[in-house]
Enquirer: 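One structure follows; several queries about it will come next.
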Number of protein chains: 2
Amino acid sequence: MFSIVNAGRAVEQRLEEALAPVGLTLTKFGMLLHLVEAGEPLSLSECAQKMSCVRSNITQLMDRLEADGLVQRVEDPQDRRAIRAAVTPLGAERQAAGAKEVTKVQAALAKTLSGTDPAALQTALSAVK
Amino acid sequence: MFSIVNAGRAVEQRLEEALAPVGLTLTKFGMLLHLVEAGEPLSLSECAQKMSCVRSNITQLMDRLEADGLVQRVEDPQDRRAIRAAVTPLGAERQAAGAKEVTKVQAALAKTLSGTDPAALQTALSAVK
DNA sequence: TCTATATAATTCATATATGAAGCAAGTTCG
DNA sequence: CGAACTTGCTTCATATATGAATTATATAGA
């Protein structure tokens, strides 16, 4: 059981290390990825859902992403309570650079697991979740 | 790759939920477990090594564990710089109670993974780490 | 022995995460 | 319509984590 926890943490750490030179953390990269994939500004509540976390966490994350110039809060004309997060050009650039690094980690990991049946591993891990 | 990260987080969360009724977090349980297993007070540097984290983290963790009455800082007569962490009776009691809950989670997880070859999974996950 | 260096712990700034409490703005219903 | 409820975000307290800077103590070497 602790193997699963440790393996998860080890992969997280590898990703953090790969993203650090790009100026991103795994959390920031994840948020940018969701925003880029969505193709439009998402409300902070939607962001919280995508990131599987509480909204107050997103408030703080957006503060940091905005301070980094990677995202901008924009008002929602449809709902004056809502605030949407829009990726800036710099944010999109960093996300793309991060994605390249993530792909490298993925390739390295695939090599490490070359002796393993990928489908079986996937099935097992999905069952846990 | 993200399956591994997600699976790890899912297991962590299950453990947190199982330990919460006992009044422990996974971090606190882990620290108590190391101390109980050691059978003697460990210096805070040794604690950091066991927990695979930096020492400043242990300083804070010990503050919380001491506030909970689960651990006590004791001076080291051999080295006046060092401070050792000693488990209190209450700490030992909680650790034992936590271990029972952890065992239950382990059993439930084994059931979930009943269709998987445990040795193969173990091998794959160990390779990642 | 005295100095330089290394080690032990703490403090501080910061990142990430949760959850409770609060305020503003929609929505529903009598 | 207006009160009650819900939703969206922020703020605050707290837990966990890192790393740089600081203080105290040990130890090695000239």
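Every chain is numbered from 1, with letters handed out A, B, ... down the list of sequences.
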Enquirer: Between C1' on D:dT10 and CD1 on A:Ile58, what's the gap in Å once rounded to a whole number?
Expert: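 Distance, rounded to whole Å: 13 Å.
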
Enquirer: Within the pair B:Thr27 and D:dA17, is there a side-chain N or O less than 4.0 Å away from OP1 or OP2?
Expert: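 Affirmative; the distance criterion is met.
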
Enquirer: Could you check how far CD of A:Glu75 sits from P of D:dC9, rounded to whole Å?
Expert: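 The answer, rounded to whole Å, is 12 Å.
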
Enquirer: Given C:dT16, C:dT18, C:dA9, which nucleotide is nearest the side-chain atoms of A:Ser56?
Expert: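 It is C:dT18.
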
Enquirer: So, does A:Asn57 get its side chain near the phosphate of C:dT18, meaning an N or O under 4.0 Å from OP1 or OP2?
Expert: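 True: A:Asn57 side-chain N/O within range (under 4.0 Å) of C:dT18 OP1/OP2.
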
Enquirer: Taking CG from B:Leu26 and C1' from C:dT18, how many angstroms apart are they, rounded to a whole number?
Expert: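 Distance, rounded to whole Å: 15 Å.
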
Enquirer: Is the phosphate of C:dT14, meaning OP1 or OP2, less than 4.0 Å from a side-chain N or O of A:Arg64?
Expert: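 Checking C:dT14 against A:Arg64, no side-chain N or O comes under 4.0 Å of OP1 or OP2.
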
Enquirer: A:Met31 has an atom CE; how far is it from atom P of C:dT16, in whole Å?
Expert: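 Answer to the nearest Å: 13 Å.
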
Enquirer: Enumerate all atom pairs, one protein N or O and one N or O from nucleotides 5-7 of chain D, separated by less than 3.5 Å.
Expert:
{"unit_1": "D:dT7", "atom_1": "O4'", "unit_2": "A:Arg81", "atom_2": "NH1", "d": "3.4"}
{"unit_1": "D:dT7", "atom_1": "O2", "unit_2": "A:Arg81", "atom_2": "NH1", "d": "2.6"}

Enquirer: If you find the nucleotide of DNA chain C closest to B:Arg84 and the one closest to A:Leu61, which residue's nucleotide is nearer the 5' end?
Expert: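 Nearest-nucleotide comparison on DNA chain C picks B:Arg84.
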
Enquirer: B:Arg80 CZ to D:dT27 P: how many Å, rounded?
Expert: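 Rounding to the nearest Å, CZ of B:Arg80 and P of D:dT27 are 11 Å apart.
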
Enquirer: Looking at residues at least two apart in the chain, or sitting in another chain, which of them share a side-chain contact (heavy atoms from CB on, under 4.5 Å) with A:Ala85?
Expert: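 Testing A:Ala85 for side-chain contact (heavy atoms from CB on, under 4.5 Å), a comparison that skips the adjacent residues, returns A:Leu35, A:Leu44, A:Cys47, A:Met62, A:Val71.
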
Enquirer: Compare side-chain N and O positions of A:Ser45 against OP1 and OP2 of D:dC9 and report whether any pair is under 4.0 Å apart.
Expert: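 A:Ser45 to D:dC9 OP1/OP2: side-chain N or O found under 4.0 Å.
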
Enquirer: If every non-hydrogen atom of B:Arg55 is compared with every non-hydrogen atom of B:Ser45, which pair is closest and at what distance?
Expert: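 Scanning both residues completely, I find the closest heavy atoms to be CD-OG, 3.3 Å.
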
Enquirer: As a test of reading the structure: which of C:dT10, D:dC9, C:dA17 is closest to the side chain of A:Gln60, going by heavy atoms?
Expert: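 Minimum distance to the A:Gln60 side chain belongs to C:dA17.
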
Enquirer: Suppose we screen for salt bridge (Lys or Arg N to Asp or Glu O under 4.0 Å). Which residues come up paired with B:Asp63, at least two apart in sequence or across chains?
Expert: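 B:Asp63: salt bridge (Lys or Arg N to Asp or Glu O under 4.0 Å) contacts with B:Arg73.
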
Enquirer: For A:Arg9 and C:dA17, give me the distance from atom CZ to atom P, rounded to whole Å.
Expert: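 My rounded result for the distance is 13 Å.
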
Enquirer: From B:Asp68 CG over to B:Lys28 NZ, what is the distance, rounded to the nearest 0.5 angstrom?
Expert: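 Taking CG in B:Asp68 and NZ in B:Lys28, the distance rounds to 3.5 Å.
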
Enquirer: With a 4.0 Å cut-off, would you call B:Glu101 and B:Lys104 a salt bridge?
Expert: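 The answer is yes: the pair qualifies as a salt bridge.
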
Enquirer: For A:Cys53 and for A:Gln78, locate the closest nucleotide of DNA chain C by heavy-atom distance; then report the residue assigned to the nucleotide nearer the 5' terminus.
Expert: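 That would be A:Cys53.
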
Enquirer: Rounded to the nearest angstrom, tell me the gap between atom CG in A:Leu44 and atom C1' in D:dT11.
Expert: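 From A:Leu44 CG to D:dT11 C1': 14 Å.
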
Enquirer: Is the shortest distance from a Lys or Arg side-chain nitrogen in A:Glu37 or A:Lys50 to a carboxylate oxygen in the other one below 4.0 Å?
Expert: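 Salt bridge flag = no for A:Lys50 with A:Glu37.
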
Enquirer: Quick one: do B:Arg14 and B:Glu17 make a salt bridge, cutoff under 4.0 Å?
Expert: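 Salt bridge flag = no for B:Glu17 with B:Arg14.
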
Enquirer: How close or far is atom P of C:dA8 from atom CD1 of B:Ile83, stated in whole angstroms?
Expert: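 Those two atoms, CD1 and P, are 12 Å apart.
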
